[in-house]
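If you read the sequence from its start, that first residue is 1, and numbering goes on from there. Basis for what follows: all heavy atoms, side chains included, without hydrogens, waters or symmetry-related copies.
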Amino acid sequence: MMRNVYRLIAVAVLVLLVASLFARFVLLSPQGQPSPNPEPASSVLLTSGTPASTELTPAVQVVFITATPVPTRLPPIVAKLEQQLGKGRILNLRYSPDGRLIAVLSMAGTYLYEARTLRQVGFLQRQLPIRPEIAVYTSDAYVPEVIAFSPDSRLLAVMEGSGLMLWDVATQQLARSVRIGMPVGDVAFSPDGRFLALAGSYSPEPPILILPVDGDQPSHALQGHKEAINDIAFSKDGQWLASASSDKRVLLWSAQRAEQAPLTIATSTASFRQVEFSDDSRLIVVLDDQGVVLVNKVPGGEEVGRFRYTDSDRYPSGFLLSHRSGEIYLLLQHSLNRRRITGEAATANLETPRKIVGAQIAPDETELAVALENSEVLFYKLPLETGQEPSMPARSLSDHRSERVVNAAPLGTGDTAAVFFEDGSYEVKKLPAGEPVASGRIDPFPYGTHHIRVARDKPLAVPESGMGRVQVWHLLNKEVVFSPPNSDSVAVDLSSDGQLVAAKHKEDKEEMFLRESFVAIWRIGDNIPVHRWKVSDDFLIAIALSPDGAMLASLSWDNFTVWRIADQSTVFTLKKNQDVDPHSELHFSPDGEWLFALSKDLRPPLHKFGPAEIRLVSRGGERFEPRSEFGGDWGRAVQFAPSRKWAAIASYNDILMFNLEDVQQRTTISTGYPAEIKALLFTADEQQLISVHSDGTWLIWRLAYAR
């Protein structure tokens, strides 16, 4: 009897165990039934990996019905480049050896023009994105970008990052691309066109690679320099290769016998910038970083000439050699100084209205082409006339003309935007195609304008700079509508409705030696501030008004604080342990719920307001640090979508799309464009996003929101 009872108990336990397992693995599975208190069913999109570029894997829809939340990947935003507006800032130019073409290298790629008519006949698209850490130019000096024609004008070599692009000029097709695996400071074709020499620009002991034009692997490497090689040149007879280096030496290599040790043909107390042979290959001309020009014999290296340019605090950054006249043109920031090869000053200089970024003499030496910082190319007839200061160009190539962008901001309902340039000019354009609406000029401050604040609901703007008077400009009427007294432009902002202006307030004492900072808020048109209080014991960096005018955020060297304007009480404060970036910015979202701090040193940068407090918000709800998302680079610009659901944050040339509803990153748009992003603009329908780059180029992205 007891045995039967034990059997019944065992069967019951077994049944209960099976039922439990069934409920756990079947009823609570995605195909099973939900628990008695289920979570709402949700539809999510899964991808095969974290999106790192605009090339995303197709989404697969999977429905989960589960009793407990299941962590899933959020759907990305698919971005596709629709249009590029602008030709990009010019970096350098080259005449083809046969004199028929001019190659203009810009941020966007290489444009080919007929030398005689300046008619565009081709465009070679840039193939590799140039990251900022390997950019090879600066804004303050002429540093040649790496571009060279083959002697027969058939090929054009362009270095992009650590990749060499060889273009067929006739077909405008990429003939060959070679990964070099190192930064390259210069490229030179051998006179017979069979080989390319590539100069390593890193330290220590960089090589010169000799690459067959029809091959992908270097035939050999020349070792001898201890530091970066800045320039290389073949002699016209093909016997020699010269290299100028930061190790303060110019070496002469045998182009016929690679195993032969190089000769030291010139030395200096400074780095050498440039080297070039005379037409008869008997002389070599070199320039160092202190403006010293040396003329030596080949191959012995005997010095036959030397002079130093001393007319300016800035030394020449390069030179052009006129073989026919035996003269050189020293490239300065805004002029070319003409000299005899012996050092005697010539009778004419050439003044330019902008900084020089590239120049070359035509092969027949009848013309001189000069590319300026604003991407205009001016052509001058040679020889220059006596006393030609400043000179008038014979013709110009102006379809590249563009100013450096400071920033851009949407206006009104978002169907127009104001774009501001470094020289103080601005343009109001329709979105997205950029048709002009109005243009004008804001007087630039003595120390430059690094940012401009815009009232979204009215066409008002106020430049932010340093040590200047605050001026509120009407962008359509092109006039100053208000200039509050005792205000300082080091930190300013406008309310969205254009009624209030906030700025650093100057004290009666000598403020140059004071670190404490005061902020005042004026109603536009009134000379007496409606609010004024001390915000910091240290220098003020940036401020921002909330859209409703109720709060003000201030960032100084020692703290980051959010204030209630009515009683100057503190909503939130964050003490700093170190000085912050002096070009930091603060931005409220259009609804005032979010505050973005654009600073290298202030993390997390995204803050969300509750009813009575501010809390730091991140991808996990605790911290958000775009530094890790951007691979070590920091945000340059931020823009909130009109729907207030999205924030677009720009690094140097990547865009992070951030969802403000669930505090999650959705995708990263890698623009691949080498110029820095200065501003982002959403169209009113949020279907397009525009990245405005420092060289004036617009990239228009079509956005597809996954649901």
Side-chain angles (χ1 to χ4, degrees), residues 92-103 115-116 142 144 147-149 151 153 186 188 191 231-237 242 244 250 266 272-288 291-298 304-309 311 315-332 334-352 356-372 377-395:
N92 205 353
L93 56 83
R94 287 287 185 268
Y95 282 94
S96 61
D98 60 12
R100 294 190 309 106
L101 297 175
I102 297 174
R116 185 176 58 85
Y142 167 73
I147 179 174
F149 274 101
S153 302
D186 194 23
D231 195 38
I232 54 177
F234 279 97
S235 62
K236 303 300 187 289
D237 60 10
V250 175
F272 280 105
R273 280 182 180 265
Q274 190 174 343
V275 58
E276 189 168 345
F277 286 90
S278 62
D279 244 1
D280 59 7
S281 302
R282 295 180 180 180
L283 296 177
I284 189 170
V285 183
V286 293
L287 171 70
D288 72 11
V292 176
V293 177
L294 301 175
V295 184
N296 291 18
K297 284 187 176 181
V298 177
V304 297
R306 171 193 289 258
F307 68 89
R308 181 173 183 174
Y309 181 85
D311 297 342
Y315 297 121
S317 54
F319 67 86
L320 304 173
L321 180 58
S322 173
H323 300 282
R324 185 176 61 184
S325 64
E327 295 174 339
I328 66 173
Y329 293 88
L330 297 173
L331 274 65
L332 306 172
H334 295 88
S335 64
L336 280 83
N337 182 268
R338 185 181 176 194
R339 296 282 180 124
R340 307 291 182 191
I341 200 169
T342 57
E344 177 189 359
T347 55
N349 292 332
L350 188 146
E351 302 264 343
T352 61
I356 298 172
V357 297
Q360 195 181 22
I361 296 174
D364 61 4
E365 298 198 13
T366 61
E367 191 173 55
L368 169 64
V370 180
L372 304 183
V377 183
L378 305 180
F379 296 87
Y380 300 88
K381 290 184 177 180
L382 292 180
L384 297 178
E385 297 177 2
T386 301
Q388 202 168 354
E389 300 181 16
S391 60
M392 295 297 294
R395 54 186 184 147

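- Checked by atom type and distance alone, the side chain of Ser281 never pairs as donor or acceptor with a backbone atom of Ser235 at under 3.5 Å.
- Looking at residues two or more places apart in sequence or on another chain, you find a salt bridge (charged side-chain N to carboxylate O under 4.0 Å, His left out) between Arg100 and Asp98.
- For Glu367, the side-chain contact (heavy atoms from CB on, under 4.5 Å) partners two or more places apart in sequence, or in a different chain, are Tyr95, Ala362, Phe379, Arg395.
- Exactly one of Leu336, Val286, Leu287, Val293 qualifies for a side chain to side chain contact (heavy atoms under 4.5 Å, CB included) with Phe319. That residue is Leu287.
- Listed for the Asp186 side chain is a donor-acceptor partner under 3.5 Å among the backbone atoms of Ile232.
- Under the 3.5 Å distance criterion, the side-chain polar atoms of Ser153 are left unmatched by any main-chain donor or acceptor of Ser96.
- In terms of modelled atom types and a separation under 3.5 Å, the side chain of Thr352 and the main chain of His334 share a donor-acceptor contact.
- The distance from atom OG of Ser322 to atom CZ of Arg339, rounded to the nearest 0.5 Å, is 16.0 Å.
- Taking 4.5 Å as the limit, some side-chain heavy atom of Leu350 sits within range of a side-chain heavy atom of Leu368.
- Within the 3.5 Å criterion, the main-chain N or O of Ile284 finds no donor-acceptor partner in the side chain of Asn296.
- For the atom pair CG of Asp231 and CD of Gln274, the computed distance is 5.5 Å after rounding to the nearest 0.5 Å.
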(Q) side chain to side chain contact (heavy atoms under 4.5 Å, CB included), that's the test. Do Ile328 and Phe307 meet it? Break it down for me. (A) CA-CA 12 Å; Ile328 66 173; Phe307 68 89; 3.5 Å; yes
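- To the nearest 0.5 Å, atoms CZ (Phe149) and CD1 (Ile102) are separated by 9.5 Å.
- The distance from the CZ atom of Arg282 to the CG atom of Asp237 is 10.0 Å, given to the nearest 0.5 Å.
- To the nearest 0.5 Å, atom CZ of residue Arg338 and atom CD of residue Glu327 are 4.0 Å apart.
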